[in-house]
Enquirer: 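Supplied in structure tokens, the structure appears directly below.
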Amino acid sequence: MSNALPTLIADARRQHRAGAGSVLDVLLRTAPGPDLERRLREEAGVEVLARAAAATPDWSALPMEQAALARCVVVAVAAPGGPQRWLAMEDPWDDAKLRRIGGRVGEALPPAAASAQAMRVWLGEGEGASAREDAAAAKPTAVADGPIVGFVDSAIRAGFQTGASDIHFECDRGGVTVKHRLDGVMARFARLDGATQAEEVISRIKVLAQLDITERRLPQDGRFRIDIQGGRVDLRVSIMPSVFGEDAVLRLLDKAQLRETDATVSLDLLGFDATGAALIRELSMAPSGMMLVTGPTGSGKTTTVYAALSEINTGLEKIITIEDPVEYELAGVLQIPVNERKGLTFAKGLRSILRHDPDRILVGEIRDAETAEIAVQSALTGHSVFTTVHANSLTDIIGRFRHFGLDMFGFMSSLNGVVVQRLMRRLCPACAGERDATAREAQWLGVVAEHGVRVPLAVGCPLCHGSGYKGRFVISEVHVIDDAFRDHVTEGSPLSVLKRHAYAGGTLTLDQQSVRRVLQRETTIEEVRRVVGAI
């Protein structure tokens, strides 16, 4: 153990306030050693009570009800000259509490560092089997009170209740700011001042996700589960170091959202127009080949693939998915979560899936050449493959797979179709306004009016949290790949030729669909600029 005992204690106290267990629990995990108890007694002046059996509560001095509220217990410890009384505390360096309880008891009692498990046994909050104490002492203990714990908990619960997809904890020199991503954009939720408090907030999130609290220089990823409104919600956690400490992003994954897929989720419900939905159904029912869904991060690619799978999930075929993470539960489907720490990557999992006799396979995302190659080979050998890739357009996908170094003839032979999509915020019906369009905007809309053109305006009201928008809808290009397009790609035709062929059949571009949505008063030109960037 390092000689800097005061530094270790100060760090352990911060972790305790973040919900990592008692100060003694943290010290036993982070600075174990045979001389730890001796040094705490001799150098820090506190008794060490790791086990409940080491002391006997004195309820006459401090009744159990008061002890439970204060989270400290007056105990008697056997000593050569007779029993000695101590004030067992989860944080024995909390001088203010030590003085307050001493005044209530009527004497200044020496402090003792107790484990959280010992405190629970004394207070009747757990089963006092001594055999379980040592195992429990090695695990972080979540504390259900305290300002830091309450701050994190309220941020998560508020994010779930408002429908946020992500919760951002952004640390700066003066504290931490919480922002929710609502309908694809950031909305400020709360602020907690103080650099120390900001560090404790990140520590609390690390405790929940079972990450290394002492590591502050490297990125960390984890996940945890909480109960909200009678249901369980999974959260994916990403911790990233910054110049002011660390930032955290929590992705809310409500796995129950698609549990009743047959009754509630469909391509129509997601907002696809009749033509687009019909083409996606046609692609998803193909007995073999690959259907790719593409778009930037947060454009709803995974949800589209889930909806397509849900509509064809009749129970007559074996459907297997490999995802990172499993975002929603699908009844009757084998869903495999990627676990790169244990060596289960997309590529390795996909190889194993092929030996499990699947009819249809969902690969959550193609990230590398190895996964791309196996997915293409799977599609060429009689499997129906659904997958996503980060790209902006149909032609960008061709570039991505060329960059992977794949044989383009094999790739194009496997490709049945591509869905290019974006999510756009819908104008709030309660507060929608209007404004005059500029000459450039009127030209883009293709509208000529003698007295000017009026276009929708986002105003903001309590119903939409002041954003002017409520909910989102999808706009998409669905491209069915034909032999002529395959020939153009394998022959290395120019980009202009590929684009001309892709839209020759009447497929509306995202730009054209955006014009239609603005004219229908569903969204604003500002939102089109943000999502599509066409104007």
Side-chain angles (χ1 to χ4, degrees), residues 139-140 156 159-160 165-167 205-212 218-228 231-240 248-261 265 290-293 297-310 312-313 317-375 378 383-390:
K139 299 179 181 178
I156 295 173
F160 177 81
S165 60
D166 302 88
I167 304 169
I205 295 170
K206 289 181 180 178
V207 168
L208 291 171
Q210 297 184 2
L211 300 177
D212 184 358
L218 297 175
Q220 296 189 70
D221 295 306
R223 62 193 64 195
F224 64 94
R225 176 179 294 179
I226 61 172
D227 294 328
I228 300 180
R232 285 195 166 184
V233 178
D234 281 46
L235 294 99
R236 184 176 61 188
V237 179
S238 175
I239 307 291
M240 190 67 64
V249 177
L250 279 58
R251 166 65 60 89
L252 286 160
L253 305 170
D254 184 8
K255 291 188 177 182
Q257 183 174 334
L258 293 184
R259 192 167 293 165
E260 303 297 333
T261 51
V265 175
M290 181 188 297
M291 184 181 84
L292 269 174
V293 182
T297 301
S299 58
K301 300 184 296 295
T302 302
T303 307
T304 296
V305 175
Y306 270 109
L309 269 181
S310 299
I312 62 172
N313 182 19
E317 295 177 309
K318 181 73 171 182
I319 301 176
I320 305 179
T321 76
I322 180 163
E323 309 163 65
D324 183 22
V326 174
E327 295 197 17
Y328 307 110
E329 294 176 0
L330 290 173
V333 175
L334 172 58
Q335 296 178 269
I336 304 168
V338 165
N339 189 338
E340 294 190 358
R341 292 180 182 176
K342 301 294 184 181
L344 178 56
T345 62
F346 274 115
K348 188 172 182 179
L350 190 49
R351 285 196 184 93
S352 299
I353 284 174
L354 296 176
R355 295 192 291 269
H356 214 72
D357 190 28
D359 295 299
R360 302 186 186 275
I361 303 168
L362 164 61
V363 182
E365 181 185 347
I366 290 182
R367 299 175 178 172
D368 53 57
E370 187 179 11
T371 306
E373 177 66 34
I374 301 170
S378 303
H383 300 93
S384 177
V385 178
F386 298 74
T387 188
T388 72
V389 66
H390 281 87

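Please read all numbers here as calculations on a predicted model, not as lab measurements.
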Enquirer: Side-chain contact, heavy-atom cut-off 4.5 Å: Ile239 with Asp221?
Expert: no
Enquirer: Taking the side chain as everything from C-beta on, heavy atoms only, tell me whether Thr345 gets closer than 4.5 Å to Thr371.
Expert: no
Enquirer: Going by the rule side-chain contact (heavy atoms from CB on, under 4.5 Å), which residues pair with His356 if we only count those two or more places apart in sequence or in a different chain?
Expert: Lys318, Ile320, Leu334
Enquirer: Taking all non-hydrogen atoms of both residues into account, name the closest pair between Val305 and Thr387 and its distance.
Expert: CG2-O, 4.5 Å
Enquirer: Rounded to the nearest 0.5 Å, what separates atom CD1 in Ile322 from atom NZ in Lys348?
Expert: 11.0 Å
Enquirer: Quick one: which of Leu362, Thr304, Val333 gives a side chain to side chain contact (heavy atoms under 4.5 Å, CB included) with Leu309?
Expert: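 Of the listed options, the one satisfying the test is Leu362.
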Enquirer: To the nearest 0.5 Å, how far apart are CG in Leu235 and CG in Leu208?
Expert: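 It comes to 9.0 Å.
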Enquirer: For a quick test of reading the model, state the closest non-hydrogen atom pair linking Asn313 to Ala331 and the distance between them.
Expert: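 Scanning both residues, the minimum pair turns out to be ND2-O, 2.8 Å.
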Enquirer: side-chain contact (heavy atoms from CB on, under 4.5 Å) for Leu344 and Ile336? Distances and angles first, verdict last.
Expert: CA-CA 10 Å; Leu344 178 56; Ile336 304 168; 3.9 Å; yes
Enquirer: For a quick test of reading the model, state the closest non-hydrogen atom pair linking Asp234 to Arg225 and the distance between them.
Expert: OD1-NE, 2.9 Å
Enquirer: Look up atom OG in Ser378 and atom CZ in Arg360, then write down how far apart they are to the nearest 0.5 Å.
Expert: 14.0 Å
Enquirer: Measure across Gly364 and Thr388 and return the closest heavy-atom pair with its distance rounded to 0.1 Å.
Expert: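 That closest heavy-atom pairing would be O-OG1, 2.6 Å.
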Enquirer: Looking at CG of Leu330 and CD of Glu323, how far apart are the two atoms once the value is rounded to the nearest 0.5 Å?
Expert: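 Output value for this atom pair is 7.5 Å.
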Enquirer: Show the numbers, then the answer: is there a side-chain contact (heavy atoms from CB on, under 4.5 Å) between His390 and Arg367?
Expert: CA-CA 8 Å; His390 281 87; Arg367 299 175 178 172; over 6 Å; no
Enquirer: If you apply the rule side-chain contact (heavy atoms from CB on, under 4.5 Å), what do you find for Leu354 with Ile374, and how did you get there?
Expert: CA-CA 10 Å; Leu354 296 176; Ile374 301 170; 4.2 Å; yes
Enquirer: Just verifying a value: how many Å separate Asp324 CG and Thr302 OG1, rounded to the nearest 0.5 Å?
Expert: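 Taking CG in Asp324 and OG1 in Thr302, the distance rounds to 10.5 Å.
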Enquirer: Which distance, rounded to the nearest 0.5 Å, do you find between the CG of Leu218 and the CG of Asp212?
Expert: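 Output value for this atom pair is 9.5 Å.
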Enquirer: Grab the two heavy atoms, one from Met240 and one from Pro219, that are nearest each other, plus how far apart they are.
Expert: SD-CG, 3.7 Å
Enquirer: Go through the steps for Ile319 and Asp359 under the test side-chain contact (heavy atoms from CB on, under 4.5 Å), then give the verdict.
Expert: CA-CA 6 Å; Ile319 301 176; Asp359 295 299; 6.0 Å; no
Enquirer: Can you list the residues that meet the salt bridge (Lys or Arg N to Asp or Glu O under 4.0 Å) rule with Asp227, with sequence neighbours excluded?
Expert: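 With sequence neighbours excluded, Asp227 shows a salt bridge (Lys or Arg N to Asp or Glu O under 4.0 Å) to Arg232, given in chain and number order.
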Enquirer: For Arg251, check salt bridge (Lys or Arg N to Asp or Glu O under 4.0 Å) against everything at least two apart and list the hits.
Expert: Asp166
Enquirer: Using every non-hydrogen atom in the two residues, find where His383 and Pro358 come nearest and quote the distance to one decimal.
Expert: CD2-O, 3.3 Å
